[in-house]
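These numbers come from the heavy atoms of this one structure, side chains and all, not from hydrogens, waters or symmetry mates.
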Amino acid sequence: MEKVGVYICTGCDIDKLDIERLKNVAKEEFGIEPKVHPHLCSQEGVEMLKNDAAELDAIVIAACSPRVKTALFTFDDKYVERASLREGVVWSHDIDEHAQELAEDYLRIAITKAQKAEKPEPYIEEVSRDILVVGGGVTGLTAALEVAKAGYKAYLVEKEPELGGWVAKYYKTLPIEPPYTRIEENPVFKLIEEVKANENVEIYTSAQIDSISGQPGMFDVVLNQNGEKVQFRVGGIVVATGWKPYDATALEELGYGKFADVVTNLEFEEMAREGKIIRKSDGSEAKNVVFIQCAGQRDESHLPYCSSVCCLVSLKQAKYVRELTDGNAFIIYKDMRTPGLWEDFYKEMQQDEGIYLTKGEIKEIKEEDGKLAVVVTNTLLGEDITIKADLVVLATGMVSTLKGLYTVKEEFPDEKTVPYKHIAEPHPIKSEEDVEVIKQAGHILNLQYRQGPELPTLKYGFPDSNYICFPYESRRLGIYAAGAVRAPMGIASCIEDARGAALKAIQAVELVAEGKTTFPRTGDIDFPNFFLQRCTQCKRCTEECPFGALDEDEKGTPMPNPLRCRRCGVCFGACPERIISFKTYSIDQMASAIKSIHVPDPNWEEGAEEKFRFIVFACENDALPALDMAALNGRKWSPLARIIPVRCLGSVNTVFIADALSRGIDGVLLIGCKYGEDYQCHFIRGSELANRRMENVAETLERLMLEKERVQVVEISINEWDKVTEIIDNFVSQIMEIGANPYKGF
């Protein structure tokens with residue numbers, strides 16, 4: 001940027017610093033006459049900034065943290081760089097010479113970054129604002145209807161001949177509105193009528209997706225409907241393909257497949273819909289029905305998780321027994337889980353004298369005198385009990401329809417995977433039989449992405465992006481999972497989830513129409529540029545991209561899809577040839593910012609040997625907020641450390657570290673999000689990848705003849721503000737014991 005304005009605020013205790021020295025940094029080192037204002041965030045201060053912005057390319061605001069007052073300090077298309085003097089210096093350090101030097105370095109970094117930044121231009125294409133909804137159950141119907149009500153066109157695709165999904169097979173449903181104490185008539189048929197009557201919804205039944213190619217705003221969809229090809233373009237996608245029941249044939253110990261009168265809760269539901277609760281063995285009416293909870297759930301041999309609604313479903317079905325047969329229902333549970341307002345439903349069912357509940361474990365199911373005998377142990381009374389039953393109903397769990405599909409290549413970059421028969425955890429393809437499993441599993445989206453044909457899933461087959469911060473997101477921009485495909489849930493939750501996903505899809509198409517991205521850098525118009533003439537086809541960027549933004553040609557050359565990109569910079573950090581850059585986040589910009597830090601030269605400056613210098617690359621999503629909260633709570637950390645925010649630890653290219661060390665920086669600390677099984681990295685794999693890249697850093701340190709301890713990676717969560725200061729101080733102390741970087745002064 002050519003015309004850079006520098007503005008220094010003196011409010012919020014910043015005036016404790018030597019403001020004249022700060023002004024001299026801008027004037028003498030950069031040739032910029034800064035303006036000083038007592039409160040830049042005041043109406044007068046903002047007006048001054050707005051008026052000056054018209055003549056500037058970039059604005060440097062030396063005031064509070066870049067995480068606060070972002071809207072206030074946004075000026076049309078002007079690049080704004082923030083120097084954190086409040087949280088970064090005066091609120092977190094004793095004001096002395098060290099703190100003054102820290103503030104001056106922060107100003108140097110900010111001005112350098114502003115000068116080295118280029119004006120970003122959004123990637124603008126003519127986009128579709130239509131939404132594809134995959135799945136015609138209650139979730140998909142609701143999503144399509146909400147899209148249509150908002151004034152957008154919805155394409156609703158259902159693989160079955162009729163709409164309604166599993167819910168269409170239900171007799172009655174759990175309450176979806178107050179008072180939450182009674183079972184209700186099935187709402188799905190009215191919903192189907194509403195969708196069919198809406199002109200903004202185009203319905204395709206008996207249809208499957210052959211392929212989806214392109215990117216948000218420009219998804220080209222090819223359907224196969226009864227053997228005929230149908231093609232159209234959409235901007236966003238809602239995946240509402242629902243769930244499938246856990247395979248009850250794996251539950252032989254509970255009598256399924258062994259005794260005719262042991263059925264699943266779904267089979268029981270269909271029975272009730274026919275108006276009769278009968279024994280399969282002889283067709284007689286079932287008067288005593290035992291419901292077994294967590295059948296194949298909360299069990300490491302089957303489904304390790306709770307399916308959320310099974311307890312409520314069994315309570316509902318127990319009421320069927322009372323209404324249709326005037327018989328007795330016995331519910332054997334591990335824990336009765338009826339969260340929220342459904343506690344009222346639980347209490348209402350408890351009032352029925354024919355519904356019996358007891359905590360216990362199934363010891364044995366056997367036949368006695370033509371009936372089933374259910375032996376229950378570990379009951380509340382401590383004694384084993386035996387219940388004579390006409391029918392036993394197993395509350396089997398809910399499994400995402402994505403479970404068992406070959407979803408994503410990135411988790412196993414060297415080999416495709418297939419599921420085990422029941423548990424459905426991935427394992428490598430080893431035989432023709434495994435290949436056949438993939439074929440039989442079918443597909444849902446059939447994305448034409450290099451990284452895989454379906455939405456990436458978590459451990460149990462549920463798609464997600466970040467389960468803490470934005471669970472509605474998937475790892476594929478513009479594609480949103482809703483309902484039981486995303487997590488086990490009941491009808492009321494599915495309806496709410498569908499509305500949320502529909503809104504997210506609409507938000508996505510409106511943002512991409514302006515060349516902007518979504519979470520967590522919502523509204524960012526910058527995107528990575530590739531200087532492919534120097535590409536060595538190493539495939540690191542395509543393999544490591546968490547969001548499927550990069551395809552590749554037959555040689556392995558990356559083929560960017562900018563509107564799929566979340567702007568995390570993981571590809572930027574991965575590239576060994578440094579051919580990837582953003583207009584506002586480039587190798588030149590970051591390297592120059594690092595070099596702008598004043599490293600005291602022991603050859604010329606008295607006392608320089610006592611002035612160590614450290615760089616902390618802080619993830620803007622967890623580490624930087626933690627540091628701000630530490631400052632807000634009066635915590636202090638070493639003034640020898642310079643905090644440089646980065647998009648993600650995955651966006652830290654190893655050249656940053658090499659530049660810092662060769663410059664004379666004594667140590668480099670990377671602080672980012674936690675990763676692993678319960679990951680919370682906002683960019684999925686960035687923190688994990690940063691740790692993996694430390695192998696390359698170790699080689700660099702060895703080549704430079706430096707100790708490996710000079711570069712460390714630490715994981716924290718956003719709420720660990722009370723630990724982050726100690727982490728920095730311990731690192732500083734450790735390196736000071738090792739001694740100064742021998743490259744100082746060179």
Original post:
Step by step, would you call Ile728 with Ile643 a side chain to side chain contact (heavy atoms under 4.5 Å, CB included)?
Top reply: CA-CA 10 Å; Ile728 293 174; Ile643 311 297; 4.1 Å; yes

**OP:** Run the numbers on Glu118 and Thr584 for side chain to side chain contact (heavy atoms under 4.5 Å, CB included), then give the verdict.
**Re:** CA-CA 6 Å; Glu118 299 178 55; Thr584 58; over 6 Å; no

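Here the side chain of Asp15 pairs no donor or acceptor atom with the backbone of Gly11 at under 3.5 angstrom. At distances below 3.5 Å, at least one donor-acceptor pair connects side-chain atoms of Arg82 with backbone N or O atoms of Val68. Using a distance-only test at 3.5 Å, with no hydrogens or angles considered, a donor-acceptor pair links the side chain of Arg534 to the main chain of Glu577. When atom types are taken as modelled, the side chain of Asp659 and the backbone of Ala591 share no donor-acceptor pair closer than 3.5 angstrom. Judged by distance alone, with hydrogens and angles left aside, the side-chain atoms of Asp553 form a donor-acceptor pair with the main-chain N or O of Lys555 at under 3.5 Å. A distance-only check finds a donor-acceptor pair linking the side chain of Gln215 to the backbone of Leu563 [under 3.5 Å]. Gln451 places a side-chain N or O within 3.5 Å of a backbone atom of Leu550 that can act as its donor or acceptor partner. Proximity of a side-chain donor or acceptor of Asp526 to a complementary backbone N or O of Lys583 within less than 3.5 Å is detected. Judged purely by atom type and a 3.5 angstrom limit, Asp622 uses its side chain to pair as donor or acceptor with the backbone of Ile718. Looking at Ser474, its side chain does come within 3.5 Å of a backbone N or O of Ile479 through a donor-acceptor pair.
When only modelled atom types and interatomic distance are considered, Thr557 and Gln537 share a side-chain donor-acceptor pair under 3.5 Å. Remark: the Gln734 side chain and the Gln712 side chain contain an N/O donor-acceptor pair separated by less than 3.5 Å. Ser586 and Asp588 are not linked by any side-chain donor-acceptor pair at a separation below 3.5 angstrom, with hydrogens and angles left out of the test. Between the side chains of Tyr106 and Glu104, no donor-acceptor pair of N or O atoms lies under 3.5 Å.
Counting heavy atoms from C-beta on, the side chains of Asn529 and Ile580 never come closer than 4.5 Å. Taking 4.5 Å as the limit, some side-chain heavy atom of Ser84 sits within range of a side-chain heavy atom of Glu87. Counting heavy atoms from C-beta on, the side chains of Tyr743 and Leu661 never come closer than 4.5 Å. Taking 4.5 Å as the limit, some side-chain heavy atom of Asp666 sits within range of a side-chain heavy atom of Arg710. Two residues are said to be in side-chain contact when any heavy atoms from C-beta on lie closer than 4.5 Å; Ile644 and Ile109 meet this criterion. Side chains of Tyr7 and Leu49 form a contact here, defined as non-hydrogen atoms less than 4.5 Å apart. Side chains of Ile615 and Leu669 form no contact here, defined as non-hydrogen atoms less than 4.5 Å apart. Taking 4.5 Å as the limit, some side-chain heavy atom of Ile59 sits within range of a side-chain heavy atom of Phe75.
Judged as a ring pair (Phe, Tyr, Trp, His ring centres under 6.0 Å), and not counting sequence neighbours, the contacts of His93 are Trp637. With sequence neighbours excluded, no residue forms a salt bridge (charged side-chain N to carboxylate O under 4.0 Å, His left out) with Asp57. Under the ring pair (Phe, Tyr, Trp, His ring centres under 6.0 Å) criterion, Trp721 pairs with no residue, sequence neighbours left out. For Asp77, the salt bridge (charged side-chain N to carboxylate O under 4.0 Å, His left out) criterion is met by Lys119, not counting sequence neighbours. Evaluation of the salt bridge (charged side-chain N to carboxylate O under 4.0 Å, His left out) rule for Asp729 yields no partner, not counting sequence neighbours. For Arg642, the salt bridge (charged side-chain N to carboxylate O under 4.0 Å, His left out) criterion is met by Asp105, not counting sequence neighbours. A search for side chain to side chain contact (heavy atoms under 4.5 Å, CB included) contacts involving Asp96 returns His98, Ala99, not counting sequence neighbours. Applying the ring pair (Phe, Tyr, Trp, His ring centres under 6.0 Å) criterion to Phe582, with sequence neighbours excluded, gives no partner residue.
Applying the salt bridge (Lys or Arg N to Asp or Glu O under 4.0 Å) test to residues at least two apart or on different chains, the pairs with a partner in residues 718-728 are Lys674-Glu720, Glu720-Lys723. Pairs engaging residues 42-54 under the salt bridge (Lys or Arg N to Asp or Glu O under 4.0 Å) rule: Lys35-Asp52 [sequence neighbours left out].
The neighbour count for Lys116 NZ, taken as heavy atoms of other residues, nucleotides or ligands under 6.0 Å away, does not exceed 12. Other residues, nucleotides and ligands contribute over 12 non-hydrogen atoms within 6.0 Å of the NZ atom of Lys636.
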Per-pair distances, 0.1 Å, donor-acceptor, side chain in residues 513-521, under 3.5 Å, sequence neighbours excluded:
from, atom 1, to, atom 2, distance (Å)
Glu514, OE1, Lys516, NZ, 2.9
Thr517, OG1, Cys565, O, 3.0
Arg521, NE, Asp524, OD2, 2.9
Arg521, NH1, Glu620, OE1, 3.1
Arg521, NH1, Glu620, OE2, 2.5
Arg521, NH2, Asp524, OD2, 3.3

Identify each donor-acceptor pair in which a side-chain atom of residues 648-657 lies under 3.5 Å from a protein atom, sequence neighbours left out, and give them as a table.
from, atom 1, to, atom 2, distance (Å)
Ser651, OG, Tyr585, OH, 2.9
Ser651, OG, Cys648, N, 3.4
Ser651, OG, Cys648, O, 2.6
Asn653, OD1, Val655, N, 3.0
Asn653, ND2, Phe572, O, 3.0
Asn653, ND2, Cys575, O, 3.1

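The NZ atom of Lys113 lies 12.5 Å from the CE atom of Met1; values are rounded to the nearest 0.5 Å. Rounding to the nearest 0.5 Å places CG of Leu511 at 12.0 Å from CD1 of Ile525. Rounded to the nearest 0.5 Å, atoms CZ (Arg450) and OG1 (Thr542) are 4.0 Å apart. How far CD1 of Ile111 is from OG of Ser592: 13.5 Å, rounded to the nearest 0.5 Å. The CG atom of Leu85 sits 12.0 Å away from the CG atom of Asp13 when rounded to the nearest 0.5 Å.
Minimum heavy-atom separation, Phe612 to Ile735: CE2-O, 4.3 Å. Taking every heavy atom of both residues into account, Gln589 and Ala117 meet most closely at NE2-CB, 3.7 Å.
Between Glu55 and Lys3 there is no salt bridge, since no side-chain N of the basic residue sits under 4.0 Å from a carboxylate O of the acidic one. A salt bridge links Asp628 with Arg67: at least one charged nitrogen is closer than 4.0 Å to a carboxylate oxygen. A salt bridge does not link Glu699 to Lys708: none of the charged side-chain nitrogens sits closer than 4.0 Å to a carboxylate oxygen. A salt bridge does not link Lys16 with Asp94: none of the charged nitrogens is closer than 4.0 Å to a carboxylate oxygen. A salt bridge between Lys504 and Glu473 is present, with a side-chain N of the basic residue lying under 4.0 Å from a carboxylate O of the acidic one. A salt bridge is absent between Glu101 and Arg108; no separation between the charged side-chain nitrogens and carboxylate oxygens falls under 4.0 Å.
Stacking of Arg566 on the aromatic ring of Phe547 is recorded, both the 6.0 Å distance cut-off and the 45° axial limit being met.
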